[in-house]
Amino acid sequence: MKLWRTPFDHNHSAEPLAYVFIDRERCKGCGFCAEYCPCDVLKMGSELSSKGYQLAVVKDGDKCLACGFCELICPEFAVKLTINNKVHSEIKS
Amino acid sequence: MPDHEGNGHSIIAKYLRQDRLPHIWCPACGIGPALNCFLRAIDKSGLDPDKISVISGIGCSGRVAGYVKLDSFHTTHGRAIPFATGLKLANPELKAVVFSGDGDLAAIGGNHLIHAARRNVDMTVICINNFNYGMTGGQVGPTAPYDVRTSTTPYGNFESPFNLPLLLYASGATYIARWTVLHLHQLENTMTEALLKPGFSFVEVISPCPAVYGRMNKEPEGLDSLKSYEKRSIIKNGADPKDVGITQNGPIIVGKFIDVDRPTLHTNLAVVAERAKKQVKNS
Amino acid sequence: MTDNGHLSGEFFINGDVACAEGAISAGCRFFAGYPITPATEIAERMSRRLPVVGGTYIQMEDEIASMNAILGASWAGVKSMTSTSGPGFSLMMENIGLGVMLETPCVVVDIQRAGPSTGLPTLVGQQDVMQARWGSHGSYEIIALSPDSPQHMFDLTVKAFNLSEKYRVPVLIMSDEVVGHMSEKVVIPEISAADLIYRKMPQIGSGPYHPYKADESLVPPMAIAGQGYRFHVTGLTHDESGYPAMTAAAQDRLITRLVDKIKTHADDIILYDEYMTDDAEIVVCAYGITSRIARYAVKLARQQGIKAGFLQLITLWPFAERRVRELASRVKTFIVPEINRGQIVYEVERCSCGKARSLSVPHSGGDVHKPETILAAIKECHA
Ligand SMILES: Cc1ncc(C[n+]2csc(CCOP(=O)(O)OP(=O)(O)O)c2C)c(N)n1
Ligand code: SF4
Ligand SMILES: [Mg+2]
């Protein structure tokens, strides 16, 4: 992410709100997550899985807003979102 | 370090039989996302998972029973609802959820569907509507819109479909909602509400079946169907069920249509049981 | 009436009502059915009695629903029953198979009338006995009992529940219109817990629960919904874990056990009655209402000096194969009167292995045999 000025809390929030993990064994390349991620975090890569499916990949993890839509829409239960609780609690306080 | 507590996938792990993955559904099938919402709804509902039974009929959608880490029954084609009715009546402490397909619930099981709604038996029915018989290779089903192509309507469907919310409304269901598998947050909330609603609740999930229905109807990829839903969906909570019929290319009205209260079968049965005991005592 | 709502004492009631009372005494607390002559009185009696004893009666939208509802109720841990007649029995077939596959205790009563199709709704038949054995698709074994009187209806209904709980299988009561509608004295005993069998449950803390893992009895313990086991059961071919297993090997393992769990316990299950068979040269073999007439015909034959005997099949399925074989080795002829055009006679013939002759005395239904008809058949064989 390119910033026009450095925010005061930059050192903390540079960590993304959540980490997206794609299970390469489960992904079957449907493209749902890449198409419907509201923040363009994910895209379809060029690499094929061991079963021959085109894998989804994390393109820009920093942009993740932890909405969880990718996790929900994945037909294969292949996307796992790990919320960064540290950052979340800092945002709250 | 990231903290795993409270994350979506730990909820999934709690209610999904992960040892059964990968599941049998085709790539880009909509049943997976619907199941995902359902698992979260269970968690959100706060119901005791040990007291929830999932009952399915036969079909791709009917295989859901095999993937939920709950007491689960994979019954025969069309018969999940009467099975669930018996289960629930015999032990009212249980929460009965029927998860199945449009063909299973509205064709071969159509009579059970309307009668369960009429009785207002305490049960949630989740219907994956993919407009065809997925499991048997894409034949025409009771919700297939007029003129669509299926493996048994090669020249176009010459029948008219059921409008499921209208059918259920006429039958007496007290909670009726419809979402597509693009409306997942709404679907999750709706499922949670339906699970907690006393009486008969019905959730229709419009879902892509790219492998057979999509292939024959210019939506060969699951994404094609989702994009079509995106274009065609109109959210109208409280819409009159008679206005929500689905055509081949027309709008798909989604939302919560009906949420009313009416005495359930169980409350009525309890009244009668009391009366019976009194009458016998006095005689 | 006792505190728990059970009747006991002497009553003058018909077979249908006796069946309903047998169910209540056996601990049945769920009934789902659909009205049909001549079985309706069972449903009516249950609708009156169940609410009083803390049970649930429901009239479903058809017999398919009724059958499934009793399976569901059984998985909720409640003894359950449905009753019907020919057309409804046909509708139940697919899901009787589900009951066999899920190994679900339950009782199905068929008050047989004359068919096919709507046939003679108010008149007797015994035409569904082969359907009872083979009516659902696939290979399986099932238990079917055949009562001959209202008292028998009571007794065999209690027995049916016990067998179904013990062997985890639907048990069929193959009665008929005459037995269902005849009124006679019925003695209802005080039933104590010791008279009743309940399904084996899994032992808590005995490791992970596998719904279809059986011990040497071949009958697996049965968990019920809501106990926290979170089990899965399916009508698909499955392994011990309950999950689908789509191979010929899994199919063979499962079906062999389902068949063997009945076959290896045949001696415990099979009931029959005999009259003057010790020195008999001709044995009349009958069941249900026909056995009463057959017994009388044998008595008449004896009076005329003919060495006739009588074998009453109380358990129709599994078939009393061993006993028929034994008799076949020393009698000349079996005579099988039944109110159909010949069904059980083929079983008798099969088990006689050519050692004794089998003669059918068929009847198309609507009425029972006349004793003279059976007597004439005996005399014909004697000549
Ligand atoms: C009595 C009976 N008839 C037919 C079938 C074959 N069959 C299996 S699934 C199915 C259709 C399922 O369609 P639907 O309920 O819409 O589920 P989907 O596969 O589309 O999710 C049929 C006809 C069957 N199993 N049992
Ligand atoms: S056939 Fe259709 S409904 Fe069935 S799994 Fe494949 S995509 Fe899903
Ligand atoms: Mg379908």
Side-chain angles (χ1 to χ4, degrees), chain B residues 15 17 19-20 24 48-56 58 63 65-96 108-109 111-112 114-116 118-119 121 265-266 269 272-277 279-281, chain C residues 1 5 29-32 47-80 82 94-95 97-98 101-102 104 106 211 223-236 238 241-244 246:
Chain B
Y15 303 109
R17 295 187 193 272
D19 53 331
R20 302 299 300 163
I24 61 148
D48 176 358
D50 285 345
K51 300 290 177 200
I52 303 176
S53 282
V54 174
I55 303 99
S56 289
I58 301 294
R63 294 300 283 267
Y67 297 109
V68 291
K69 211 190 281 174
L70 300 167
D71 290 336
S72 52
F73 302 88
H74 185 220
T75 65
T76 45
H77 195 25
R79 316 306 170 195
I81 287 180
F83 191 104
T85 302
L87 187 93
K88 173 71 191 179
L89 287 180
N91 182 359
E93 265 184 33
L94 301 174
K95 170 74 202 177
I108 191 166
N111 201 31
H112 309 310
I114 58 177
H115 283 278
R118 170 182 66 77
R119 292 187 180 104
V121 40
L265 179 63
H266 310 273
L269 270 173
V272 167
E274 271 319 296
R275 192 182 297 159
K277 282 177 194 147
Q279 218 164 307
V280 167
K281 221 185 212 166
Chain C
M1 203 185 297
R29 291 297 177 268
F30 183 85
F31 181 97
S47 74
R48 186 163 280 278
R49 295 280 282 126
L50 276 175
V52 182
V53 297
T56 306
Y57 166 88
I58 185 144
Q59 182 171 311
M60 297 299 286
E61 51 275 17
D62 58 32
E63 289 84 350
I64 304 176
S66 305
M67 186 62 220
N68 279 280
I70 68 166
L71 295 179
S74 185
W75 278 100
V78 174
K79 290 186 182 181
S80 61
T82 184
E94 184 195 9
N95 295 288
L98 179 64
M101 199 65 154
L102 299 186
T104 311
C106 61
I224 57 174
Q227 289 178 318
Y229 288 101
R230 304 211 198 166
F231 58 84
H232 177 64
V233 293
T234 173
L236 285 168
H238 45 264
S241 70
Y243 292 132
M246 302 289 93

Where do [X] and [Y] come nearest, in terms of heavy atoms and distance?
X	Y	value
B:L94	C:A76	CD1-CB, 4.2 Å
B:H77	C:E94	N-OE2, 4.4 Å
C:M60	B:R119	CA-NH2, 3.3 Å
C:Y229	B:D71	C-OD1, 4.0 Å

Mind ranking C:S66, C:A65, C:G55, C:A223 by heavy-atom pairs under 4.5 Å with chain B and telling me who comes out on top?
C:A65

Taking every heavy-atom pair that is under 4.5 Å apart, which of C:Y243, C:W75, C:F30 has the most such pairs with chain B?
C:Y243

If you round to the nearest 0.5 Å, how far is [atom2] of [Y] from [atom1] of [X]?
X	Y	atom1	atom2	result
C:R230	B:I52	CZ	CD1	8.0 Å
C:E61	B:I81	CD	CD1	9.0 Å
B:L89	C:S80	CG	OG	11.5 Å
B:F73	C:L98	CZ	CG	10.5 Å

Set of residues satisfying salt bridge (charged side-chain N to carboxylate O under 4.0 Å, His left out) with respect to C:D62, sequence neighbours excluded
none

Please enumerate all residues that pass salt bridge (charged side-chain N to carboxylate O under 4.0 Å, His left out) together with B:R79, with sequence neighbours excluded.
none

Against chain C, label [X] side chain, backbone, both or neither, depending on which of its atoms sit under 4.5 Å from a heavy atom there.
X	result
B:I58	neither
B:A65	both
B:R275	neither
B:T75	both

Checking heavy atoms, do the side chain of [X], its backbone, both or neither come under 4.5 Å from chain B?
X	value
C:F231	both
C:A225	both
C:I224	backbone

Contact winner vs chain C - [options], heavy-atom pairs under 4.5 Å:
options	answer
B:E93, B:H115, B:R17	B:R17
B:V272, B:N111, B:L269	B:N111
B:K51, B:K277, B:H112, B:E274	B:H112

Atom CZ of B:R118: over 12 foreign heavy atoms under 6.0 Å
yes

Counting distance only, does the side-chain N/O of B:D50 pair as donor-acceptor with the main-chain N or O of C:Q227 below 3.5 Å?
no

Would C:L236 and B:R63 satisfy side-chain contact (heavy atoms from CB on, under 4.5 Å), going step by step from the backbone distance to the final call?
CA-CA 11 Å; C:L236 285 168; B:R63 294 300 283 267; 3.7 Å; yes

Sole candidate of C:N95, C:L71, C:I64 that passes side chain to side chain contact (heavy atoms under 4.5 Å, CB included) when paired with B:T76:
C:N95

